[in-house]
Number of protein chains: 2
Amino acid sequence: MQEAGKIIKIDRVIHEPVRLAIMSCLYEKKYVDFVFILEKLDLTRGNLASHIKRLEYAGYVDVIKTFKERIPHTTYALTTKGKKAYEKYWCFFDEIRQDIDLEG
Amino acid sequence: MQEAGKIIKIDRVIHEPVRLAIMSCLYEKKYVDFVFILEKLDLTRGNLASHIKRLEYAGYVDVIKTFKERIPHTTYALTTKGKKAYEKYWCFFDEIRQDIDLEG
DNA sequence: AAGAAATAGTTTGTAAAGCAAACTGGGTAT
DNA sequence: ATACCCAGTTTGCTTTACAAACTATTTCTT
């Protein structure tokens, strides 16, 4: 079974469902824009922006501002740190479950 | 990739790390007592009690009060509902990750 | 040049939740 | 009677998510 520390130290930045979804999108697609996530997750713009800001502060995502047909277009991508953190997050869950499976 | 609804509808009662740890203990060991969890997770008594109360209200755990050598001894166990909810919780995570793995 | 429209935010206010520490109750030992 | 456990409730603090309102920046229209 999991030790105390293992499960308690889960990365809270990623653990929040909305941010986990964002990280999943980015991990899969590499580059994802604001509106895509907005519609995919059905959030308000403000809510999405603040979650992304949090991921930015954690150093997990880069913001790429471009113009698409002369309209502002913001795109996001995982940093190396973000990629590692995301993979580590899943490792925790694997460990927890494996530990459970070991016994009856 | 996950749809909007899939990840957002994660069971918040279980999703909280401390409660996930408690549920894991119970799923593995069937019967676990208060002090065991307390030491395992290094929580305050009040904190543990309130998390367990929340699991109780959700119908996920049963409370079994006994006396052990004439000293009160509280033990917990998953209900059928709790067992199902716990299994369903992991299913969400499997689905999310499988969806990611499908693409490069 | 002025005003409308769109993107991508920031700010504000509210409600919920986690946590530690203090306090409580019910039973036991001295 | 008093002191002592176990388990749980209450209180107060802090953080957070979220929606709604507001803002800044650039483009389009007239």
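Predicted model only: the values in this text are computed from it and were never measured. Chain A is the first sequence line, chain B the second, and so forth, proteins listed ahead of strands; every chain is numbered from 1.
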Query raised in the report: Hey, is the side chain of T74(B) poking within less than 4.0 Å of OP1 or OP2 on dA7(D), counting only N and O atoms?
Result: yes

Query raised in the report: Has the side chain of K81(A) got a donor or acceptor atom that lies under 3.5 Å from a matching backbone atom of A58(A)?
Result: yes

Query raised in the report: What integer distance in Å separates E39(B):CD from dC6(D):C1'?
Result: 13 Å

Query raised in the report: dC19(C) C1' sits how many Å from R19(B) CZ, rounded?
Result: 12 Å

Report task. For L48(B) and dA21(C), give me the distance from atom CG to atom P, rounded to whole Å. Result -> 16 Å

Requested in this report: Could you tell me if the ring centre of F93(B) sits under 6.0 Å from that of F93(A)?
Outcome: yes

Report summary line: To the nearest angstrom, the OH-P distance between Y76(B) and dC6(D) comes to 13 Å

Report summary line: Rounded to whole Å, CG of D11(A) lies from C1' of dT16(D) at a distance of 15 Å

Requested in this report: Whole angstrom is fine here: how far is it from CZ in F34(B) over to C1' in dG8(D)?
Outcome: 7 Å

Query - Shared hydrophobic cluster for V63(B) and V35(B) (ILVMFWY, side-chain gaps under 4.5 Å) - result: no

Requested in this report: Send over the distance from H15(B) NE2 to dT16(D) P, rounded to a whole Å.
Outcome: 15 Å

Report task. Among the candidates dG8(D), dA7(D), dG18(C), find the nucleotide nearest to the side-chain atoms of H73(B). Result -> dA7(D)

Query raised in the report: From L20(B) CG over to Y89(B) OH, what is the distance, rounded to the nearest 0.5 angstrom?
Result: 5.0 Å

**Report entry** Flag, side chain of T66(B) to backbone of H73(B), donor-acceptor distance under 3.5 Å
**Finding:** yes

Requested in this report: Indicate yes or no: at least one non-hydrogen side-chain atom of R19(B) is less than 4.5 angstrom from one of Y60(B).
Outcome: no

Requested in this report: Scan residues 51-69 of chain B against DNA chain D and write down, sorted by residue number, each residue with any heavy atom closer than 4.0 Å; if none is found, say none.
Outcome: K53(B), K65(B)

Requested in this report: Could you walk me through whether C25(B) and Y76(B) pass the side-chain contact (heavy atoms from CB on, under 4.5 Å) test, one step at a time?
Outcome: CA-CA 10 Å; C25(B) 285; Y76(B) 307 96; over 6 Å; no

Query raised in the report: When you measure from the side chain of I71(B), which nucleotide among dC6(D), dC19(C), dG9(C) comes out closest?
Result: dC6(D)

Report task. Nearest whole angstrom, please: distance from the P of dG18(C) to the CZ of R12(A). Result -> 8 Å

Mind listing the N/O atom pairs, protein and nucleotides 19-22 of chain D, below 3.5 Å?
from    : atom 1 : to     : atom 2 : distance (Å)
dA19(D) : OP2    : T44(A) : OG1    : 3.3
dA19(D) : OP2    : N47(A) : ND2    : 3.2

Report summary line: The nucleotide from dG8(D), dA7(D), dG18(C) with an atom nearest the side chain of E16(B) is dG18(C)

Query raised in the report: P72(A) side chain: which of dG9(C), dT7(C), dC6(D) is closest?
Result: dT7(C)

Query raised in the report: Are any of the side-chain heavy atoms of L43(B) and V18(B) separated by less than 4.5 Å?
Result: yes

**Report entry** Modelled atom types, side-chain donor and acceptor of H15(B) and D11(B), under 3.5 Å
**Finding:** no

